[in-house]
Amino acid sequence: MPVSPSSSAQAARVAVATRLRELMLDARIDGKELSARCRWHPSKTSRILNGRSAPSEDDIRSWCEACESDDQTADLIATARAVELMYVEWRKQHRHGMRRAQEESLAQHTGTAVCRAYVSNVVPGFLQTEAYATALMHSITGFQGTPDDVAEAVAARLQRGRLLHEGNHRFVVLAEETVLRYRIGDRNTMIAQLGHLLSVMPLPSVALGVIPFSAQRRIWPLEAFYLFDDGEASVETLTAEISVVQPRELADYHRAFAELATMAVYGAPARALITSAMEALG
């Protein structure tokens, strides 16, 4: 796993390294002896212990065997897998296409009561039209060079839209005005997408705010992030999806969302910005 910009992921990796160090100390051996027992170079042990390199599942098995702590293997492997899920490269996530990732996202949204979404580049998935989602996913697949299963992935993504109408879900969305102006797909695609935003705004499950170009910034534009209730944040970068669970870091994202919300307009002023973006398309 590459070094993550998320302190949550890095802290979790360090926690795994700490547990491995404790096993080594409990076995009363040092790094040199452990390396010899595992039949690898001492520098590898050092990288793992310092959190610079994530151990593979085979590494963990060898480590536990060397420390005569085989009973710890399953738990450590499960923990390491959880760390891997905190920082997942899009190319890895989409290596077999995008459909599976969309199905996993649907499951996450289904289990969430309140989803707060801040977007600065594209409309959030649960508010996308079929044509908009198709154009967006074709561009992502082309950029990443991953398998093209866009039709299936779009169908899976659109399933999230039904959550606007069923269950006790609530979606609180803050969108930079750029989202209304960036053209994804052709003119008709954008007009239909903006029209869809207008149509869902009256729903009791949706609260949509738009941050105007003219807003006095109290916090700078950020990369898109989603808050799932109070337990997790998902941050989308160019290359990876980062899952944030560390309380201090989660608090920062919730505070940022609250600050951004004070800069947004709602109701009629928000509808006016959407209508203006539609009119600009001609």
Margin query: Any non-hydrogen side-chain atom of Ser234 less than 4.5 Å from a side-chain atom of Val244?
Written below: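 No; the side chains remain at least 4.5 Å from each other.
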
Checklist line | Check: Leu106 and Leu163 side chains under 4.5 Å, non-hydrogen atoms | finding: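 Of all side-chain heavy-atom pairs linking Leu106 with Leu163, at least one is under 4.5 Å.
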
[atom1] of [X] to [atom2] of [Y]: how many Å apart, nearest 0.5 Å?
X	Y	atom1	atom2	answer
Tyr132	Gln193	OH	CD	6.0 Å
Asp30	Leu25	CG	CG	10.0 Å
His196	Ile191	NE2	CD1	16.0 Å
Thr110	His169	OG1	NE2	5.5 Å
Arg162	Leu158	CZ	CG	11.5 Å

State whether [X] and [Y] are salt-bridged, where the test is any N-O pair (Lys NZ or Arg NE/NH1/NH2 against Asp/Glu carboxylate O) under 4.0 Å.
X	Y	value
Arg100	Glu104	yes
Arg181	Glu279	no
Glu103	Arg99	yes
Arg61	Asp70	no

Check: Are Tyr118 and Phe257 close enough that their ring centers fall under 6.0 Å?
Finding: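 Centroid distance Tyr118-Phe257: not below 6.0 Å, so no.
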
Verify whether one side chain among [X] and [Y] offers a donor that lies under 3.5 Å from an acceptor in the other.
X	Y	answer
Arg218	Thr262	yes
Arg160	Gln128	no
Gln102	Glu152	no
Ser35	Thr45	yes
Ser120	Glu223	no
Asp186	Thr189	yes
Ser62	Asp58	no
Arg271	Ser276	no
Arg91	Gln144	no

Item checked: Ring geometry between Tyr226 and Phe228 (parallel below 30°, tilted from 30 to 60°, perpendicular above 60°) ->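 Geometry flag for Tyr226 against Phe228: parallel rings.
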
Item checked: Plane angle bin for Trp63 and Trp40 - parallel if under 30°, tilted between 30 and 60°, otherwise perpendicular ->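 Plane angle between 30° and 60°, so tilted.
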
Checklist line | Closest contact, heavy atoms only, Gln93 versus Ala101 | finding: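 What the structure gives for the nearest pair is OE1-CB, 3.3 Å.
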
Next item on the list: Kindly work out whether a path of hydrophobic side-chain contacts (I/L/V/M/F/W/Y, heavy atoms less than 4.5 Å apart) joins Leu194 to Val179.
Entry: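 Yes, Leu194 and Val179 fall within the same hydrophobic cluster.
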
